[in-house]
There are 2 protein chains.
Amino acid sequence: MSGPRVTIREVARAAGVSQAAVSKVLNDGYGVSAAMREKVMRAVTELGYRPNAAARAMRGRSHTIGVVADIRTPIVAQITEGIEEGLQGSSLDILLAPVGKAPERQRSSIDAMLNRNLEGLILIVPSLPRPELEALGQSIPTVLIGRHGGGRHFDSVMDDDVAGAGLAVEHLVGLGHQRISHIAMPMGKFRRPSVLPQTAREDGYVIAMRDHDLEPDVITTDYTEEGGHTGAMTALRRKKPATAVFAGTDMVALGVLRAAHELGLRVPEDLSVVGADNIPVSALPQIALTTIDPAGKLNGSTSTRLLRERIDGRRNPVTHAITPSLVVRGTTAPPRE
Amino acid sequence: MSGPRVTIREVARAAGVSQAAVSKVLNDGYGVSAAMREKVMRAVTELGYRPNAAARAMRGRSHTIGVVADIRTPIVAQITEGIEEGLQGSSLDILLAPVGKAPERQRSSIDAMLNRNLEGLILIVPSLPRPELEALGQSIPTVLIGRHGGGRHFDSVMDDDVAGAGLAVEHLVGLGHQRISHIAMPMGKFRRPSVLPQTAREDGYVIAMRDHDLEPDVITTDYTEEGGHTGAMTALRRKKPATAVFAGTDMVALGVLRAAHELGLRVPEDLSVVGADNIPVSALPQIALTTIDPAGKLNGSTSTRLLRERIDGRRNPVTHAITPSLVVRGTTAPPRE
DNA sequence: CCCAGTTCGTAAAACGATTTCTGAGCTTTA
DNA sequence: TAAAGCTCAGAAATCGTTTTACGAACTGGG
């Protein structure tokens, strides 16, 4: 099954035609007769020919798209699945550059992909400044996932996190809750990074609360389990403690659950908790967290669709928002009183 | 920052030398004077030249290694980190092909990487039959992670799961436990797939129990949360129920914890539980699972080292076993009686 | 001063595909 | 029937780099 690779030249010889003919049959195929196509195809399958992607990439198309993502984030796996699904029947391969959160690392990975003449790039929640992304979009078809705000030279796919937060609040209000706290992330000193999902969730929470004439109560901590714990401690030690908490992330929600446990509060009887992201842990029976599902697969397949449009020549930017859904599990119930 | 890419030809012109000279400076550099190196380097940085990887891949080296892995597995992230670490200072890039468990999918991803003339491949727990892996190893430097057994044409890096299981049993015995059950995975009808970590863990458990003159008690179910639940129900409803359970996987251990909870058993007072894999969930304060840590990062960096040796010409196969460590958290304690 | 042996550098040939250009053979049209 | 138009196929140029082969200039020893 190994041995020296079979090249287009050998296929051509076997079929008794020229290299150009073989190439034309395999690609667009302008000006090839049925007889020739048949001959070539037989030789191709017989020899088990697979075109050398490196050679392809140099001239013409590389038949490959690149995905840049932090694979430590659980949702990346689902998004990737969606991306692959969207690639069905397109002869496009997918290559992933693993990165961390460091912009420097992301930059070098993107560079590496550019060096390979990929046909397009999908960036999952990149932490690069917008001007850089715009420049990138000008040099290669680019789609961003999970970054709010849109741009002029790339497409964007994201969850409508404002609506998602609304769903959470609706659900809790519908159960009869009035004092609903939200645990959010600090925004940094200088400017509000409005491109982040966190910000949108906070906004959505505030808007939905106001819609119901309820007083928003935003508690700012880290987006970690520990942050959720300290945030919840704040919310639950007030003289009129919250009866429900909407955490900005499932991880935060886990910290909230721990805090509740430590304070002797039962969930959901004494306290309702809603998270966001629907990470795998949340589905475990022991956790059974009510949460907002970000539809990772749909994000992936949608971004593939947009990317293919862009590869096919579209220039104008498209922004696609996906409406998340609420997954009701065991951490929400009507309040006691 | 975009515009047409700058090629080696332009660098050569700017430096007033030939293309070959530039190439030699950038690579091995045989027969280049200090003066020439200096000239070329200046032109390179000045023009911001970055060699086109596609062109490189066609002739000579591609400066890239490929990783084939199922990114849904949490440990892959850590392994990848280790791989990157091992790549420091080597001018090698890393590209990841995301796959599922399906052999068909893995095959096509490997093909895709072969088409790109990569310098080497790292396969994380591939589910491909051995002959195929041997053939692969003959056509490209290959290292396998997490697959027991070794081979003739590739290197293997794995955890010493036998030793790991031994650690778990030692720990429990040291605490005073005698009735320790193990929840394992079914082996399939026809032959024992001895290449899997699960099998090694089961073997290690049996050996360690015998060493202490204790009767092994292996319960076979699925390697899932649900499997752990049903397995634990079996182990805990005996007339002389187990006082400790060694689960083959953290996910299984979570199911055990749930079963314990449902039966009104407190952990660790009434039941000790040890898992294996140290997935992120296990570290959460509410779970605090005692488990065996597979040293993912070390697996990664070791495999990179071996791969580089192979790329540099080594032919004989190397198998490297990593001794895992026990992470003691809150689910283990001395038995009641 | 000549010759062999180094050094340093370049021209040109790969690598394996795609694409452009050209021409051979037919068919249609005037 | 000659000119024009089409269709199909191949020869050759091209992509950007590495590598090979070779020549020029310099060195040092006799």
Side-chain angles (χ1 to χ4, degrees), chain A residues 3-41 43-44 47-64 91 93 111-112 114-119 311, chain B residues 3-41 43-44 47-64 91 93 111-112 114-119 311:
Chain A
R5 283 195 83 73
V6 23
T7 76
I8 199 174
R9 190 185 314 272
E10 308 174 49
V11 174
R13 179 149 39 219
V17 299
S18 73
Q19 308 177 37
V22 177
S23 176
K24 282 198 268 196
V25 167
L26 262 44
N27 298 321
D28 45 355
Y30 167 76
V32 295
S33 65
M36 155 138 283
R37 149 165 284 110
E38 214 271 333
K39 262 193 305 184
V40 169
M41 283 319 242
V44 164
L47 296 175
Y49 168 70
R50 287 185 51 93
N52 179 318
R56 271 189 155 173
M58 193 169 12
R59 200 94 172 67
R61 319 261 47 131
S62 67
H63 296 258
T64 312
S91 86
D93 272 338
D111 260 355
L114 285 179
N115 291 340
R116 286 182 173 71
N117 301 10
L118 302 193
E119 309 215 1
I311 292 174
Chain B
R5 283 195 83 75
V6 23
T7 76
I8 200 175
R9 191 186 312 273
E10 308 174 49
V11 175
R13 179 150 39 218
V17 298
S18 73
Q19 308 177 36
V22 177
S23 176
K24 280 201 271 197
V25 167
L26 262 44
N27 298 320
D28 46 354
Y30 168 76
V32 295
S33 65
M36 154 139 283
R37 151 165 281 109
E38 215 271 332
K39 262 193 303 185
V40 169
M41 283 318 241
V44 163
L47 294 175
Y49 168 71
R50 286 185 52 92
N52 180 319
R56 271 191 156 172
M58 194 169 11
R59 200 89 173 67
R61 320 261 46 133
S62 68
H63 296 257
T64 312
S91 86
D93 272 338
D111 259 356
L114 285 178
N115 291 339
R116 288 183 173 69
N117 301 11
L118 302 194
E119 309 216 359
I311 292 174

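Predicted model, so just to flag it, every value in this text is computed and none were measured. Chain identifiers are assigned alphabetically (A, B, ...) following the order of the sequence lines, protein sequences preceding nucleic acid strands; residue numbering begins at 1 within each chain.
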task = Could you tell me which residues satisfy side-chain hydrogen bond (donor to acceptor under 3.5 Å, both in side chains) with T64(B), sequence neighbours excluded, listed by chain and number?
result = R116(A)
inquiry  = Nearest 0.5 angstrom please: L26(A) CG to S91(A) OG, how far?
reply    = 10.0 Å
task = List the protein contact pattern of nucleotides 11-21 of chain D with one symbol per nucleotide (5' to 3'): B for base contact, S for sugar-phosphate-only contact, - for none; contact means a heavy-atom distance under 4.0 Å.
result = B--BBBBBB--
For atom CE of M36(A) and atom P of dA9(D), their distance in whole Å = 5 Å
task = Name all residues meeting the side-chain contact (heavy atoms from CB on, under 4.5 Å) criterion together with R9(B); count only those two or more places apart in sequence or in a different chain, and write none if there are none.
result = T7(B), R13(B), Q19(B)
inquiry  = For a 4.5 angstrom cut-off between non-hydrogen side-chain atoms, does I8(A) reach S23(A)?
reply    = yes
remark   = Smallest heavy-atom separation, A15(A) atom then V40(A) atom, equals CB-CA, 4.2 Å
key: side-chain contact (heavy atoms from CB on, under 4.5 Å) partners of A14(B), counting only residues at least two apart   = A43(B), L47(B)
remark   = When every non-hydrogen atom of V6(B) is compared with those of Y49(B), the smallest separation belongs to O-CD1, 3.3 Å
inquiry  = Let me confirm one number: the CE-CE distance from M36(B) to M41(B), rounded to the nearest 0.5 Å.
reply    = 12.5 Å
note = So the contacted stretch of DNA chain C, first to last nucleotide with an atom under 4.0 Å from a non-hydrogen atom of chain A, runs from dG16(C) to dT19(C)
task = Note the angle between the end axes of the helix from dC1(C)-dG30(D) to dA30(C)-dT1(D), five pairs defining each, rounded to 10 degrees.
result = 60°
note = Hits for side-chain hydrogen bond (donor to acceptor under 3.5 Å, both in side chains) against N117(B), two or more places apart or cross-chain, chain-then-number order -> N52(A)
ask   = Which residue pairs pass the salt bridge (charged side-chain N to carboxylate O under 4.0 Å, His left out) test when at least one of the two sits in residues 50-63 of chain A, sequence neighbours left out?
value = R50(A)-D111(B), R61(A)-E119(A)
